[in-house]
Structures are given as structure tokens and as C-alpha cells.
Amino acid sequence: MIQAADDRLRDEVRLLGALLGEVIRDEGGQELYDRIEAVRQASVAYHRDPASHDADELEGLLKDLSLDQAIGLTHGFAAFSLLANVAEDRAGKRRAREQAEAGERADTPEGALKRLDAAGVDRAAVRDLLSQALISPVLTAHPSEVRRKSVIDRIAAVGALLDSCDRDGIACSPTALKAGLRRQIVILWATRLTRASGLVVQDEINTVTDWLQRIFLHVAPAQLAEWRALLDAPDLPPFLRIGTWVGGDRDGNPNVDATVMSAAFRTQTRAVLRFYLEETNGLGEELSLSADLTTVTPELAALAATSGDASIQRADEPYRRALSQIYARLSATHLALTGGPAPLPASFEAPVYEGPDAFRADLAVLHDSLIRTHGAVFADDRLARLITAADVFGFHMATLDLRQNSDVHERVVADLLKVADVCPDYAALNEEARLTLLARELANPRPLFSPYADYAPETLKERAILQAAASALAAFGPQAIRTHIVSKTDAASDMLEVYLLLKEVGLYDPADPAACPIQAAPLFETIDDLRASQPTLERVLAEPSARAVATARGVQEVMIGYSDSNKDGSYLTSGWELHEASRALLEVTRAAGVRLQLFHGRGGAVGRGGGSSFSAVLGQPAGTVAGRIRVTEQGEVIANKYGEPEVAQRNLDALTCGALLASLGPQTDSGYSAEHGATAARLSAASMKAYRALVYETPGFVDYFRAATPIAEIADLKIGSRPASRSTSTAIEDLRAIPWVFSWSQSRVMLPGWFGFGSAVQGEDTDELRDMAAAWPFFRTVVQNMEMVMAKADMAIARRYAGLVPDTALAERIYGAILEEWRRTKAAVLSITGHDDLLGGQPELDRLIRQRMPYVEPLNHVQIELIRRRRAGDDDPRVSNGILLAINGVAAGLRNSG
């Protein structure tokens, strides 16, 4: 079966590659085609048998390229990587289907339930957990997606053509398929792969809304229907809630303000209401049942009777009359909430829906009538799924999180207190004095703000944002905004400052703190903050204001950050400190009588918490999941995991199954023991020491990093609306985690995903490490993720990037240190896994990566040469464009590079 799957994948890659070759020859000329083909053959030959094929042959073909030749070659290899990804994704879908049908996958609903059955967990327990569960992927605009939407759309079209042939079988003509594919590939070839201008926040809002509209609106109801059927639980409430940060996350993004937030809700609302209008219209076309030929419930009869539909043709069609009224009310709601008319206005006027609950109630009247008079044939139909969509998405579409840095809150509160003559210098107070003052002000109904006083622009901006939040909650209901995340939390006062600011806009009522609709959630992201998270949260929940909000909600949300903790202390240390902080935070919330709800701030790359979401959830400490998990989905991960309905549902199911098994299954943390914990703590300390010795303590390291990676060039990619650094400083501490990881990925070092582990395990008992990996999901996932990222690294190519460093002595010294740690880490991983080479236990992944790398390496070589030219003073715009093309192509080949 594996061989057949490999053959089919290879055939599809060859088909797409051959069609691309034809397009290159026709559109770019024979000379370009011949050069690309020669480079391709040399690279493939070298990777298949390095002993027989010298890398010098490949370098010779890439040496002394003219600028136009370099750009053409880069464009070709980047396009090929994009097309090869389509074939790989299709192979992954086929493999997932086969494994699911064979019952081999625990990350499918059937597989997870089978495992729970074997563990003696009955279906009632599963139903009870899911009825209170929260599975929430949160879409962010973190800039790690280098592909333009136009490119993503073309790739999706290629995949859709191939998928249609799978469905249509004999009806799919090979000639017609090739013609359709070639058409899409011509468009792809002639499409600019890089952005010509930078993104603004509205672009990011539009992109996220497009994913919500095209994928999640359809997949969420389908997923819930499947779980209801499997559990025989037709009334199982929705447990999936889609979140977004786009328009509410202003941490380090000065472009997000109240106007932008309002635009985010308006854009999302427009999309979801138009979906409801289309579905309502479609149901109206479908439900032609006549009152002369069927009976209806009194409730439906009453709803139809109130309809303003005056059509004689529909006089005996109660369902259509009711749907006409629903459509008219939706149309009025569209105008009220978006400021614009519905695409197809109603034929008569009707009152605005007060909220999504009223809309849902009308739909339920129709559904109840159909079920009661015609039976279960209508139980899971278009109407039922529209009701589920209304439950999940309301009129707001996705729950918007607010996020801001604690330093901003401190300055705003200080300004308010000073102008109100309450405290002349809030920033100078110690923590206990701050808490005393904040508690006193939170109990005082008198606002601090005066419309007649002068405030700092930052104060007015933050107040306006929270006013917009209050308006959104009034318009869309409590699901519109649930959480205000505080970056850089290191004290309890950081939380109380949020509640004080919410009080200023009427969202926190001193007379009823429990009614506050927005909960302040700390974000612990540096190693020091993670280590201090337990006492910080204890102090937060000791405050009556925060305790009241948490008690009313039943949970205290805490966000933990993978990216900055990794940049701060190494991959292993980040994972361990997050693990230990989670355990400690669970103790705090249990003592306070509320549940812990962890929000995992993960990125796409392993260095930013990436990897299998299912494995990551299973690796969480016992008790920290309890059926509730939120996780960020960023950049290229959104397209990779949710780019089409089948893949999206599989990934949502994997997250759900992980939460179920972690909460109810055999104790996933059973491999954790005091001895293993002590070993992990020791390894973590050693890893952090080795990592910080290189990154923060080695003289000249910053200069090496900025010369030996394309960090400066990545800033020109125009892939996000926020700056790459938090300040103008060149220090590693001030660099955002995404460009830090992205740069090391491009230079093929992948340093954030493995450095420090080799030094950490030196002198350790290998047998114990093997036992830890075998018995403990957390440690096993750490090793597996390192294997994957190291398999994509190439230290020979990394040496060529080191050649970009002007100081050759510095380059040799630091590259040598990295290479030595690489060798130590590889040896350590192999000793733990017992394999002869990386990914020896994951043959499918190994084959995919090996097949991909020959097409990535030429892009690295061209990128290095063009960077060399640019840094030598060549200001030809084509040089910069070629570099960006190469970055784009390498990212496409590596897939989870940011």
C-alpha cells in the first residue's frame, strides 16, 4: 500500500512538473527551460547519491548567472515547490482516509472513541465532556505566510481539479484534466509570487474573513453533525468556537485602533449575514411543502402568518412564507449592522433581529415542524446546519480577542489617575501600593475620565478601542469579545489595570463585578515570566475583582507563549518551562475553585511551538486540558491546515480528539515521574545554558546572525501590517520571534528548533532517555519535533550563508560552534530513537522531505548569491525581487518555516 501511495504521489508530481516545464518553455523560452532542467537534474542526482555526484556540479550551474537568469530560475523552482505541495497534500488526504477507515488513527472521531471504549470510558462521559467543552482555533495575522492570496487561490484550483477527477472517475478525461491543469499553471506562472506593496490591517481582516466564510462556516456544522451522529446525541451543543486576533491585537501594531476594530466586525458581519441570506434563500427554493398536502406545527403556522410575503403563489406554502419573513428580517439586520444593503434586498420591510438568538429561534420553529411532522429525515439537513452555524457564528462570525502590552496599560492608567488628581505618579508605586490603589478605584463607581481634560494620545486611543469593544458587545452579544490578553504580564496589577480601563467604558460595574463580559487573561511568554506565573496568578485571583469574573465564568484563561520563551531559552527549555508552568497554574485555579483554560500561543515552525496539534495536546500535563483548549493558528499554518473543507475538518477533529483523549483517556501523563521530571529539569537547565552562551553571551553573535541569515531581506517581504522588531534596537531581545525563526529556516540552520539539546544530554543515561521518550508523550513529542526540523536543515548550505559574514574569523568561530552542537544533537536524537538516521521511525515523512529538498537547495544558492550582490551595493530592484522570490520558494519547500 505504501509503495502504491508513493507511486501515485510520484506520478502526480511528475505530471505537474511536466506541465510546468511545458509552460516554462512556452512562456519563458527554451534557454530558461534548459537551464532549470539542468539544475533540477543535477540537484536530484546529488541528493540521491551524494557519494557519486559532486555538489560542485550543481554550484557550477548556478555560478555566474545573469540577473535575469537567476530570477527566472528562482521563479521556476518556487512554482514547482508550490505545485509539489499540492500533490503531497493530496497524498496526505488519501493516507488519512485509508488510516481512518482501517481504524488506525486516534486523531479521528471513530479512532478516539474506539480508544476510549477500550479504556472503559462510556459514551455518556464523552457526551458530558463535549457538552461543556471549548475547542477554539484562533486565527491571527502573525506574518509568516509569504504566499499571496492570488497564489493560494491558484494552488487551490489545481488541487480542486485533481480532486474532481478522483470523484468523477471515468468521467474525467486525461486530456481535459491536463488542459485544465495547464491553464491554471499558466496563470500561476504569470502571477507575481511576491507582494508589490505592504499589507494594511484591512487586508488581514479580509483574508481571515475569507477563510471563515469559505471554510469554517461550512465545516463547523458538518463536524458537529458527525459527532452528534457518532454519540447519538442530537442535542449536543456546539463546542467549536472560532476566534480571531485581527482587528483586536494591537500589541506592537500601531495600525490597530477603534476604527479598525469596528471595520473588523463590520467585515465579518457582512460575510456571515450574506451566508445566512444565501442559505435562507436556498431553503426557500427547496421547502415548497404545501399546507394542503402536509400539516405544520402551530408555531410555524403563526410564524408564516406574520410574514409580509404577499405572493399569491406562496399563499399555501407556510415554510416559504416563514423563510421570506426570516430573509426580510436578515436583510434589515444587514443594513443595521453593516451600514449597507443586502446584496439582494427583501421584497418587503420587516423588523431587525435583536440578535442571533432571535434568528435561531425562527429557524428552530421551521426545523421542529419538519421533524415533528415528517420525522428524522430532516434531522441533519441544510436547515439543521444553518441552525448550527447560527449557534457557532452568531452575527459576529468569530470571537475577537483584544491584546495589548502591559506597559501600555500602565501608562494609560497612570495618565488617567494623574489627570483625575488621584495619584501623581502611578508608575513609581510598588506592586502592593498599586494593587491597593486599583482595588479602591475598582470599587468606586466614579469614572476617572473627563471629556474636558487633556490626555496623552495613547490614552485616548486605548479608551476609544474599549469603547468600540463595548459597542460591539451591545450589537453582537457576549460571544463577540470574551478576553483581553495582556502581553508581558509579570504582576497582578497588570490584570487589574485592564478591569479599571473596562470600568471607564461601562463594561466593569463595581456593583456587579461578576457581570463583566470581558476577562483579563495574562500572557506568560518569557522564561522568567513562566517561572513566576504561579505566584502572579495566585495574587490575581486573590483580588475580589478578578476572582468575581473568574468565578462567574467558571474558568480563568491563561495564555502561554511558545515563541518568545524559545527565543529566550532554547527549544527544550521552552517546552519544559511551559509544561511546568501549566502544572503550577492548574494548582492555582483548583485552589481558587475555578477551572484553568489554557490558551496556547503556537506558531507554525517547531521553534515557535509548531508540530502536530494532536500530539501537542496529548503531551499536556494531566488535568490541564479538561475538554477546553484554545490555540493560535498563524500565517502559513492557516492555509496548510484549513485550506479546504476535508483537511479543515480533519484538523478540527484532531484537536477535538486530542482534547477528549487528554481529558478522559488513559492518563497521557502517566509516563511522567518524579525521576523523569528531575531529569527533564536538569536537561532544560543545561540546554538553556548552552543556548544563551551562544545567542546572548558570544561576542559578535548579533553581527553573525544579521549577516549569515536573510533577516534584513525578510523585512522587505511585505507579509504583515506590523513592524518586524518591537523597537529600532538590533538586539535579539527586541526582535520578534517570527523573523528570528524565519531567518534561521531560510539559512537552513533551523537553530531555534534544536540548539542546546546535544549539550544538555551529554553524560546522561541513554537508557533513561529512551524510557522517557517511550513512556512520556511530552518528551517523545519534543524528540520527534526536533527530528523533523533537523531533517530539513542542511549544515553545508548553512556554511555558504556563513560566507556572507564579512568577518571571516567571526564566521568560522560561530558557524563552528553551531556545527559542533548540531553534531552533538543529531547523535543524541539518534541514540534516543535507536535509528541510524533522522526520521528513521517516520519513513513517510522522511520520503517527503527527501523528495522536496533537491528543489529547495538551488533556491538557497541563488538567494545567497543575490544577497551578496545586494549587500555589495547592487541596487537594481530586480536583485531585491529575486531575493524575495527565493525566500518565497524556500518557504514553500520547507512549509512550516515561520
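Computed from a predicted structure; not experimentally measured.
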- prompt: Can you find a side-chain donor-acceptor pair between T526 and R531 that sits under 3.5 Å?
  reply: no
task: Show the numbers, then the answer: is there a side-chain hydrogen bond (donor to acceptor under 3.5 Å, both in side chains) between S487 and N405?
output: CA-CA 5 Å; S487 304; N405 193 289; 5.3 Å; no
Exercise: identify the closest heavy-atom pair between L496 and S545: CG-OG, 3.9 Å
- prompt: Going by atom types alone, do T207 and D210 pair a side-chain donor with an acceptor below 3.5 Å?
  reply: no
query: So with a 6.0 Å cut-off around NZ of K461, is the heavy-atom count from everything else above 12?
result: yes
V246/L139 under side-chain contact (heavy atoms from CB on, under 4.5 Å): CA gap, chis, key distance, verdict: CA-CA 8 Å; V246 188; L139 311 183; 5.8 Å; no
task: Answer yes or no on whether R463 is positioned over the face of F449, meaning its NZ or CZ is under 6.0 Å from the six-membered ring centre and within 45° of the axis.
output: yes
message: Looking at R482, is its backbone amide N or carbonyl O close enough to the side chain of R553 to form a donor-acceptor pair, meaning the two atoms are under 3.5 Å apart?
response: yes
message: Under a 3.5 Å threshold, yes or no: a donor from one side chain and an acceptor from the other, between Q634 and T632?
response: yes
Pairwise distance NZ(K503) to CZ(R446) - rounded to 0.5 angstrom: 6.0 Å
- request: For R630 and H600, test the side chains for any donor-to-acceptor distance below 3.5 angstrom and give the result as yes or no.
  value: no
message: Using modelled atom types and a 3.5 Å cut-off, is there a donor and acceptor pairing between side-chain atoms of Q556 and backbone atoms of L596?
response: no
- request: Could you tell me whether the side chains of N206 and Q202 share a donor-acceptor contact shorter than 3.5 Å?
  value: yes
- prompt: Do the side-chain N and O atoms of Y426 and E410 include a donor-acceptor pair separated by under 3.5 angstrom?
  reply: no
- prompt: By salt bridge (charged side-chain N to carboxylate O under 4.0 Å, His left out), which residues pair with E538, not counting sequence neighbours?
  reply: none
- prompt: Parallel, tilted or perpendicular: which describes the rings of W227 and F239, with under 30° parallel and over 60° perpendicular?
  reply: perpendicular
field: Ring centre gap for F395 and F476 strictly below 6.0 Å
entry: no
- prompt: Ignoring hydrogens and geometry, is there a side-chain-to-backbone donor-acceptor pair from R628 to Q597 under 3.5 Å?
  reply: no
query: Does S369 reach the main-chain N or O of V365 with its side chain, forming a donor-acceptor pair under 3.5 Å?
result: no
- prompt: Distance only, no hydrogens: is a donor on one side chain within 3.5 Å (strictly under) of an acceptor on the other, for E462 and Q404?
  reply: yes
message: Counting only heavy atoms from other residues, nucleotides and ligands, does the tally under 6.0 Å from CG of D421 exceed 12?
response: no
- request: Identify which one of V588, V555, T551, V549 satisfies the side-chain contact (heavy atoms from CB on, under 4.5 Å) criterion when paired with V594.
  value: T551
- prompt: Does a donor on one side chain sit under 3.5 Å from an acceptor on the other, for Y499 and Q519?
  reply: no
- request: Give a yes-or-no answer on whether the side chains of T656 and Q223 include a donor-acceptor pair shorter than 3.5 Å.
  value: yes
message: So for atom CG, which belongs to D454, do other residues, nucleotides or ligands contribute more than 12 heavy atoms lying within a distance under 6.0 Å?
response: no
field: By salt bridge (charged side-chain N to carboxylate O under 4.0 Å, His left out) - contacts of D362 (at least two apart)
entry: R329
- prompt: Atom OG1 of T536 and atom CG of D529: how far apart are they, to the nearest 0.5 Å?
  reply: 7.5 Å
Donor-acceptor pair between S331 and E349 side chains, under 3.5 angstrom: no
task: Examine distances only and state if a side-chain atom of D494 and a backbone atom of D490 form a donor-acceptor pair shorter than 3.5 Å.
output: yes
- request: Kindly say whether R266 contributes a backbone atom to a donor-acceptor pair with the side chain of T269 at under 3.5 angstrom?
  value: no
Donor-acceptor under 3.5 Å (T624 side chain, Q620 main chain): no
Side-chain (D251) to main-chain (R403) donor-acceptor, under 3.5 angstrom: no
query: How close do V419 and A453 get, heavy atom to heavy atom, and via which atoms?
result: CG1-CB, 3.5 Å
Closest heavy-atom pair and its distance - L335, P341: CD1-N, 3.9 Å
message: Test side-chain contact (heavy atoms from CB on, under 4.5 Å) on Q213 and F275; report intermediate values, then the result.
response: CA-CA 8 Å; Q213 184 176 11; F275 170 77; 5.5 Å; no
- prompt: Taking atom types as modelled and ignoring hydrogens, do the side chains of S493 and E431 form a donor-acceptor contact shorter than 3.5 angstrom?
  reply: yes
